Amino acid sequence: MIQKSKILITGGAGFVGSNLVDALIGTNEIVVVDDLSMGSLNNLPRSPHLHFFKHSITDAAFMQQLLKAWCFDYIYLLAAVASVADTIQRPIATHEINEVANLNILETIKTERLSVQKLLFASSAAVYGNQPELPKAETSPIDPLSPYAIDKFATERFTIDYGRLFDIPTVATRFFNVYGSKQNPSSPYSGVLSLLSDSAKFDTPFTLFGDGEQTRDFVYVKDVVQALILLMRLPETTGRVYNVGTGHGVSLNTIISHFETIGGHKLRVTRTMPRLGDIQKSFADITALTKLGYRANYSIADGLLDYWRSLTTDQSNDGQNDHRKMKG
Ligand code: NAD
Ligand code: UD1
C-alpha cells in the first residue's frame, strides 16, 4: 500500500475515483479535484485526511497553484467525460477536459520541476476500436473511433512520453468496462451496467442498442482499485501501459440474463439501432498485469452479485440513488 503520502485524485468524486479514495484513505492525505458534473460528494467518505476541491481541471491556473502548493507524491488522473457517446456530441468541450487539461498538469510538473513519485493516467480500451484482433493486448493495433478514444490515446502518449523525455515516473492504464457501486446511472450515456442495475432495481425500461451480442470485458471496480494501487506502487510499471480487465468478454444478452436471475424478474428491454461508433467485440489480454501479481478476484457472476447486494442492502447505493433523484 501507498502509506503516509500526499495523493491527488482528479475525478475522485466519480465512480472509480471514489472507490479508490475509499481504499487509500487512512494514513494518506488525499486531495480530490472534481467539478461534480458526474461525481457526487455522497460518494466520498468524511475524513480530516480528505481535502475536496469542487473545481474543473480545465482551470490551468488553479491546477498549477494546487500542484505547487501540495507537492504530491502520487497523482491519479481520472477526471474525464467518460461517456463515448457524449464526446461524439460535444467533441470540443470534452477535448479540453480529456486531453488539454491533463497536458497542462504534465506541463506544470515539468516546468516547476515537481518531484512526483508516480503519475497514473486512466486511458481506455476504447483506443483499440473495432480492430479484429482479440483479445486486445497492449501491443494490438490502435483504432480510436471516437473523440473520447482519440483524446484518451493522445493523453496516454503524452503521459508516457513526458515520463521518458523529462524523467517523470508515469504509467497509463487501459480500463475495460468497469462496473460496481457508485457508478452514476443518471445520464443516458452512463455505463451500461449502472443503467441495467437501475432497470432491474426500479423495474424501469432499458434500451438495448443493437442485438445484445456485442461483448465487453466487464471488470469489477474492486479489482480495478487493486490494479490502480499495484501499478502505482511497483517501480517496474514506469513508462508502460497496462490493460485492466478480466480477460473474458461477456455479451449484453448474458448480462441481462444474470440481472433477471439476481433481481428475480424479467427486465423491460426495448431494442433499437446500434449506437454510432459502438464497438462490437472487446476483451482484454491481461498477461502484463497478471505478471505483476494482479488477479481478477471477481467473476462476472460474483461481481454482479456483490454489486447488487451493495445496491439493495447497504448505504453505498446512496450516491447512485441520489443522482437519480437529483436529475431524474
Ligand atoms: P465518472 O464519470 O464516474 O468519473 C469521472 C469524474 O470526473 C466525475 O466525478 C466527474 O464529475 C469528473 N469530471 C468530469 N469533468 C471534470 C472536470 N472538467 N473537472 C473536474 N472533474 C471532472 O467515470 P469513471 O467511470 O469513474 O471513470 C474514471 C476514469 O476512468 C475516466 O478517466 C474514464 O474515462 C476512465 N475509464 C472508465 C471506464 C469505465 O468503464 N468506467 C473505462 C475506461 C476508462
Ligand atoms: C465504456 C466506458 C468508457 C470506456 C470504455 C472502455 C462508460 C460510460 N463508458 O464505453 O469510458 O472507455 O467502456 O471499453 O462507462 N448500451 C446499451 N444500452 C444503454 C447503454 C449502452 O445497449 O442504455 C450498450 C452500448 O451500445 C454498448 C455497450 O452497451 O454496446 C456498452 O456501452 P457503455 O456502457 O456506454 O460502454 P462503452 O461504450 O463500451
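Counting starts at 1 for both ligands and their atoms, following the listed order. Sequential numbering from 1 along the given sequence is applied to the chain's residues. For the numbers below, each heavy atom of this structure counts, side chains included, while hydrogens, waters and symmetry mates do not. Small disclaimer: the values here were computed from a predicted structure and weren't measured.
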*Ser123: heavy atom below 4.0 Å from ligand 1, yes or no?*
yes
*To which of Tyr179, Tyr148, Phe175 does the heavy atom nearest atom 33 (C) of ligand 1 belong?*
Tyr148
_Distance alone, cut at 3.5 Å: any donor-acceptor contact between the side chains of Thr58 and Glu96?_
no
_Identity and separation of the nearest protein heavy atom to atom 1 (C) of ligand 2_ = Asn177 ND2, 3.4 Å
_With nothing but distance in play, are any N or O atoms of Val81 less than 3.5 Å from an N or O of ligand 1?_
no
_Pro45 and Leu50, any side-chain heavy atoms less than 4.5 Å apart_ = yes
*asked:* Counting only heavy atoms closer than 4.0 Å, does ligand 2 sit against the backbone of Leu252, its side chain, both, or neither?
replied: side chain
*Under 3.5 Å between some N or O of ligand 2 and some N or O of Phe206?*
no
_Heavy atoms only, cut-off 4.0 Å: how does Arg216 contact ligand 2, side chain, backbone, both, or neither?_
side chain
*asked:* Below 3.5 Å, N or O to N or O, backbone or side chain included: is there any such pair between Val16 and ligand 1?
replied: yes
*Under 4.0 Å between a Lys/Arg side-chain N and an Asp/Glu carboxylate O for Arg309 and Asp306?*
no
*Could you tell me whether Ala13 approaches ligand 1 through its side chain, its backbone, both or neither, with non-hydrogen atoms closer than 4.0 Å?*
backbone
_Apply salt bridge (Lys or Arg N to Asp or Glu O under 4.0 Å) to residues Asp22 and Lys182 and explain how you reach the verdict._
CA-CA 12 Å; Asp22 288 341; Lys182 302 200 278 196; 2.7 Å; yes
*Between Glu213 and Asn253, does any side-chain donor sit less than 3.5 Å from a side-chain acceptor?*
yes
*Go through ligand 2 atom by atom and flag the ones less than 4.0 Å from a non-hydrogen atom of Thr207.*
17 (C), 18 (N), 19 (C), 22 (O), 23 (O)
*Below 4.0 angstrom from a heavy atom of Ser124, which ligand 2 atoms are there? Numbered from 1 as shown, please.*
4 (C), 5 (C), 6 (C), 12 (O)
*asked:* Can you confirm, on distance only, whether ligand 1 has an N/O atom lying under 3.5 Å from any N/O atom belonging to Asn177?
replied: no
